[in-house]
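What follows is a short report on a single structure.
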Amino acid sequence: MPVFALVDCNNFYVSCERVFKPELEGKPVIVLSNNDGCAVARSNEAKALGIKMGVPFFKLRHIINTMDVHVFSSNYALYGDMSNRVMQILDMFTPAMEIYSIDEAFLDFSDFAFTGLKSYAHHIRKKIKKDTGIPVSIGMATSKTLAKLANKIAKSSLKTGGVLDLTSMKFQDRALEITPVEDVWGIGGRYAAYLKLKGIKTALDFKYAATRVIRKKMGINGIRLQRELCGESCYPLAEDINTRRKSVSASRSFKKPVTDLTALSQAISLYISRGAVKLREQNSCAETMTVYVMTSRFKPESFYYNSKTAVFPTASNNTPELIKQGKKILKQIFKRNKQYTKAGIVFSNLVQESHVQQDLFNTKDTARTQRLMETVDNINSQMGRGCVRSAALGSSNKQYWQTISNYRSSAYTTRWDQLLTVC
DNA sequence: TCTGGGGTCCTAGGACCC
DNA sequence: TCTGGGGTCCTAGGACCC
């Protein structure tokens, strides 16, 4: 029988900031999303003040000022690097693991013949805290969904000491009983509302609910979820999940609404060039590209969204070529007199660079443009993103459609000029 | 005034073909 | 008056995750 351990960093972004500012320990701290838009990470003290996940920053101003909440813009260079450190340590403790997100990983504990899973998990926990400064919680069970659930309880209940082993049937139903149905991995707000109407309020209710009811609304995944809660594994460990994505996207909300095509065109060109870098990093080419623009969804009376997808005769990851196509699409979906607040692109139907079907009628020198892209990527990775860029992005570094981050901490671990100084 | 970004999977429905 | 049916492919949209 498989055994999964889910290791999840506690309030990860906040914990990363605290590693370099230990004086913030015990104080309310939040980290904002891109554009300083919403609270996306909160310390326990901030949670205790009632600051909810995803609440817009402007609605928090009052509580932040009166309760002395410390605020950070998100600093992905720092979090990405801290994440790598944690994952490297985890890798030493398991034959196989799946890095599920920036702050969590599933470890394969299936073949561990000994029964001391709990003390092993405590050991891992201590090691990570000592070597990186990041606190983690660990949940163990025979399915990923149950491991998730165990982790959640380990995190919130002090007496677990940050570790909960749910591999034995004995405690499973008790754990499900105290878990609201919306806290089950895979059940969001919409499903939870439906389930509650049907009298399904806890994870335990869900486990024993009529399959027909689940199936009707949630499809095949609902059935799998039900089995997972019974301890039967339906989602195997996926290794190397990050090495080759199935789609790559880039988008941003603007500082201020944008109305003219030129500015939108520059923004779209920037997202395409960022997306194309990601494609080249994983040696992929895209067969299709979707471009979309939208106005604020908080003004439903004037809301406008439009998108269009182009299919290329030859899959590509060539920035200038993609920008050319992107501009064409943008012209087709652009509508005048609209207050655009966000735009983006999605590359999908990705194929391996080496497997790209060449277009018979394509007479362009692909080897040459490929070398050019490599050179540009090399310069930018050494000199900083955007050092060499397409003219389509516009000349100014401070475009008004660019984004805000007023509370950014230093890139302590990835830039020499921002290393922490110890006096 | 100010409301994130990047992913995944599934399903319904339309177009097309035989 | 009667007006096929099934398979496949594609896309848009909906749901979820962190």
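Letters go in sequence order (proteins before strands), and every chain restarts at 1.
- In this structure, NZ of A/K255 is placed 13 Å from P of B/dT3, rounded to the nearest angstrom.
- Screening residues 306-335 of chain A for ring-ring contact (aromatic ring centres under 6.0 Å, His included) gives A/F334-A/Y340 as the qualifying pairs, with residues at least two apart or on separate chains.
- Residues from residues 188-210 of chain A lying near DNA chain C, meaning a heavy-atom separation below 4.0 Å, are A/G188, A/G189, A/R190, A/Y191 in numerical order.
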Checklist entry - Can you give the dot-bracket line for DNA chain B, where a pair is Watson-Crick or G-U wobble with both atom distances under 3.5 Å, crossing pairs use [ ], and | marks a partner on another strand? => result ....||||||||||||||
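- In this view, A/K338 satisfies the side-chain hydrogen bond (donor to acceptor under 3.5 Å, both in side chains) rule with no residue, not counting sequence neighbours.
- The CD1 atom of A/I187 sits 16 Å away from the C1' atom of C/dG14 (whole-angstrom rounding).
- In this structure A/K342 satisfies the salt bridge (Lys or Arg N to Asp or Glu O under 4.0 Å) test with no other residue, sequence neighbours excluded.
- Among residues two or more places apart in sequence or in another chain, the side-chain hydrogen bond (donor to acceptor under 3.5 Å, both in side chains) test is passed with A/T142 by none.
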Which donor-acceptor pairs under 3.5 Å do the side chains of residues 180-189 of chain A make with protein atoms, sequence neighbours left out?
residue: A/E182; atom: OE1; partner: A/K196; partner atom: NZ; Å: 3.2
residue: A/E182; atom: OE2; partner: A/K196; partner atom: NZ; Å: 3.4

Checklist entry - What does nucleotides 4-13 of chain B look like as a protein-contact string, B for base, S for sugar-phosphate only, - for none, at under 4.0 angstrom between heavy atoms? => result BSSSSSSS--
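- Residue contacts shown for A/V31 are absent, as no nucleic acid heavy atom lies under 4.0 Å away.
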Would you give me the side-chain donor-acceptor pairs under 3.5 Å for residues 207-218 of chain A, sequence neighbours excluded?
residue: A/K207; atom: NZ; partner: A/D173; partner atom: OD1; Å: 2.8
residue: A/Y208; atom: OH; partner: A/D173; partner atom: OD2; Å: 3.0

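- Around the NZ atom of A/K198, the shell of radius 6.0 Å holds no more than 12 heavy atoms that belong to other residues, nucleotides or ligands.
- Distance check, rounded to the nearest 0.5 Å: CG of A/N349 to SG of A/C285 gives 12.5 Å.
- Annotation: side-chain hydrogen bond (donor to acceptor under 3.5 Å, both in side chains) contacts of A/N44 (sequence neighbours excluded): A/N11.
- Rounded to a whole Å, the NZ atom of A/K144 is 15 Å from the P atom of C/dC17.
- Looking at residues two or more places apart in sequence or on another chain, you find no side-chain hydrogen bond (donor to acceptor under 3.5 Å, both in side chains) involving A/S273.
- Shown here are the ring-ring contact (aromatic ring centres under 6.0 Å, His included) partners of A/Y407, two or more places apart in sequence or in another chain: A/F57.
- In this structure, A/K216 places its NZ atom 17 Å from C1' of C/dA15, rounding to the nearest Å.
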